[in-house]
Amino acid sequence: DDIIKKFGLGYCLDEWSNFTDHARKNGYSDAVLEKTGLTIFKEESKKAYDRFRGRVMFPIYSISGRVLGFSGRVLSSEKQAAKYVNSPDSDIYNKSRILYGLYQARSAISKTNKCYLVEGNIDVISMHQSGVENTVASCGTSLTTEQIRLIKRYTPNVTVLYDGDSAGIKAALRAVNLLFAEGMHVRCVLFPDGEDPDSYAQKYGSSALQDYLATHEDNFVIFKTRVLLDGVKNDPIRKAELVKETIDTIALVPDLIERTEYIAQCAHLLDVPEEALASELAKALNRNRLKSYEEEKKEQTPQNIQNTPITPDTPTIPEPTPNPPAKNR
């Protein structure tokens, strides 16, 4: 009951318009119900349908505790029904800028100076129920820069928890570069194949889950290198590709000492001279600097300059002289 109350869990009755009828009786206009995505209106028939009918409801809170949107999970096993339905983006809800559970987890994240990042709502709730309250999830989307910056307000330390299947590993590898690019210290815990934080806690209990997290945490760069190395075998071309991919990740790490340590450890794992990796890292860093420089130049287009408000500190740029019209021949 305490977890249900903590996360505001509920249920939308499996009827076509029960919620919409209730909302209308309580003074909510059709315009509001449509804009928030809670009700779907069919233009032809003008009928109203509850978007989340027959689903367990997970409110999605802002950092200050206001409900911005919802995620609804189906209970039936019908293949036609999507497992999750989320609120569409609106004036108040943008899923790429929100983390599920951050409102409930923020104090624990600050206290432990660590954030566990999981895949779904159920994983977040199961972790909290097991006493691991510094846990959040992305809201039905791939991890975004905006979500990483929300975590960074409370801690620079992120431990990514993903399922032990191949899809979970690939999802973890996709997230790592974004995390490093934002200056985060990233670690990883990989669950046994077929397990996730929720199933592991249900099967073995909260104490076993906490022990597993403590004893199976690995540095993400080293984890990524080991995972990719398993598929290389004795193929020199694939090994060269692995070296490049590893170096590209290390080049995103802003801290010089941290980069140096990664080079030393990865050189040992890959059986490649440390000097060779250091040389490739220098090239990758130069490529990143050049890319940043070119992106900055693109931002300084004439259109952007014209849209910039003139202040006493803003240098003025003279208007270009138009070319004279060509003479008729």
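When a residue number appears, it is its place in the shown sequence, counting from 1.
- A pairwise comparison of heavy atoms in R55 and G72 identifies NH1-O, 3.2 Å as the closest pair.
- Shown here are the ring-ring contact (aromatic ring centres under 6.0 Å, His included) partners of Y84, two or more places apart in sequence or in another chain: there are none.
- Checked by atom type and distance alone, the side chain of R106 pairs as donor or acceptor with a backbone atom of I63 at under 3.5 Å.
- Here the CG atom belonging to D196 is positioned 10.0 Å from the CD1 atom belonging to I122, to the nearest 0.5 angstrom.
- Interatomic distance, CG of L242 versus CG of L229, reported as 6.0 Å (0.5 Å rounding).
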Stepwise, does the side chain to side chain donor-acceptor pair (under 3.5 Å) test hold for H268 with E274? CA-CA 8 Å; H268 176 72; E274 198 170 320; over 6 Å; no
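- Contact check on E146 versus R149 returns no salt bridge, with no Lys/Arg side-chain nitrogen under 4.0 Å from an Asp/Glu carboxylate oxygen.
- The number of heavy atoms from other shown groups lying within 6.0 Å of CG (L290) is above 12.
- With sequence neighbours excluded, no residue forms a side chain to side chain contact (heavy atoms under 4.5 Å, CB included) with S107.
- Of the possible donor and acceptor atoms, none in the side chain of K83 sits under 3.5 Å from a partner among the backbone N and O of V74.
- With hydrogens and angles disregarded, a donor-acceptor distance shorter than 3.5 Å links the side chain of Q210 to the backbone of S130.
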As a quick check of understanding, evaluate side-chain contact (heavy atoms from CB on, under 4.5 Å) for R53 and Y49, giving each step before the final call. CA-CA 8 Å; R53 63 186 179 276; Y49 302 93; 4.0 Å; yes
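- Taking hydrophobic clusters as Ile, Leu, Val, Met, Phe, Trp and Tyr residues chained together by side-chain heavy-atom distances below 4.5 Å, L38 does not share a cluster with L9.
- In this structure, D230 places its CG atom where more than 12 heavy-atom neighbours from other residues, nucleotides or ligands lie under 6.0 Å away.
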Should S138 and T144 be marked as a side-chain contact (heavy atoms from CB on, under 4.5 Å) after you check the CA-CA gap, both sets of side-chain angles, and the distance that decides it? CA-CA 8 Å; S138 55; T144 66; over 6 Å; no
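- Of the inter-residue distances, the one linking S87 atom OG with I60 atom CD1 reads 6.0 Å to the nearest 0.5 angstrom.
- Residues V56 and F70 fall into different hydrophobic clusters, defined by Ile, Leu, Val, Met, Phe, Trp and Tyr side chains chained together at heavy-atom separations under 4.5 Å.
- Residues satisfying the ring-ring contact (aromatic ring centres under 6.0 Å, His included) test with Y103, not counting sequence neighbours, are Y61.
- Atom-to-atom distance recorded for C188:SG and L190:CG is 5.5 Å, nearest 0.5 angstrom.
- Distance alone, capped at 3.5 Å, places no donor-acceptor pair between the T135 side chain and the M127 backbone.
- With a 6.0 Å radius and a threshold of 12 heavy atoms from other residues, nucleotides or ligands, N26 has its CG atom above the threshold.
- A 4.5 Å side-chain heavy-atom check between L209 and F191 finds at least one atom pair inside the cut-off.
- Using modelled atom types and a 3.5 Å distance limit, the side chains of S17 and D50 yield no donor-acceptor pair.
- The neighbour count for R97 CZ, taken as heavy atoms of other residues, nucleotides or ligands under 6.0 Å away, does not exceed 12.
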Going through the distances and angles, do S90 and T36 end up as a side chain to side chain donor-acceptor pair (under 3.5 Å)? CA-CA 6 Å; S90 66; T36 54; over 6 Å; no
For residues 213-223, please give each side-chain donor-acceptor pair under 3.5 Å, one per line with the distance, not counting sequence neighbours.
{"residue": "T215", "atom": "OG1", "partner": "D211", "partner atom": "O", "Å": "2.8"}
{"residue": "H216", "atom": "ND1", "partner": "Y212", "partner atom": "O", "Å": "3.2"}
{"residue": "E217", "atom": "OE2", "partner": "K114", "partner atom": "NZ", "Å": "3.0"}
{"residue": "E217", "atom": "OE2", "partner": "T159", "partner atom": "OG1", "Å": "2.9"}
{"residue": "D218", "atom": "OD2", "partner": "R226", "partner atom": "NH1", "Å": "2.7"}
{"residue": "N219", "atom": "OD1", "partner": "V221", "partner atom": "N", "Å": "3.0"}
{"residue": "N219", "atom": "OD1", "partner": "I222", "partner atom": "N", "Å": "3.3"}
{"residue": "N219", "atom": "ND2", "partner": "Y262", "partner atom": "OH", "Å": "3.1"}

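- Ring to ring, H128 and F7 are close: their centroids are under 6.0 angstrom apart.
- Judged as a side chain to side chain donor-acceptor pair (under 3.5 Å), the pairs with a partner in residues 239-256 (not counting sequence neighbours) are, in order, N177-T249, K224-T249, K244-D248, D248-R287.
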May I have the step-by-step check of side-chain contact (heavy atoms from CB on, under 4.5 Å) for V158 and H185, ending in yes or no? CA-CA 6 Å; V158 174; H185 305 299; over 6 Å; no
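- In this structure, N113 and N134 have side chains that are not in contact, with every pair of non-hydrogen atoms separated by 4.5 Å or more.
- A side-chain donor-acceptor contact under 3.5 Å links T155 to the backbone of N157.
- Residues D123 and S126 have side chains that never bring a donor and an acceptor to within less than 3.5 angstrom of each other.
- Taking S110 as the reference, nothing meets the side-chain hydrogen bond (donor to acceptor under 3.5 Å, both in side chains) condition, with sequence neighbours excluded.
- F58 and F19 are members of different hydrophobic clusters when ILVMFWY side chains are connected at heavy-atom separations under 4.5 Å.
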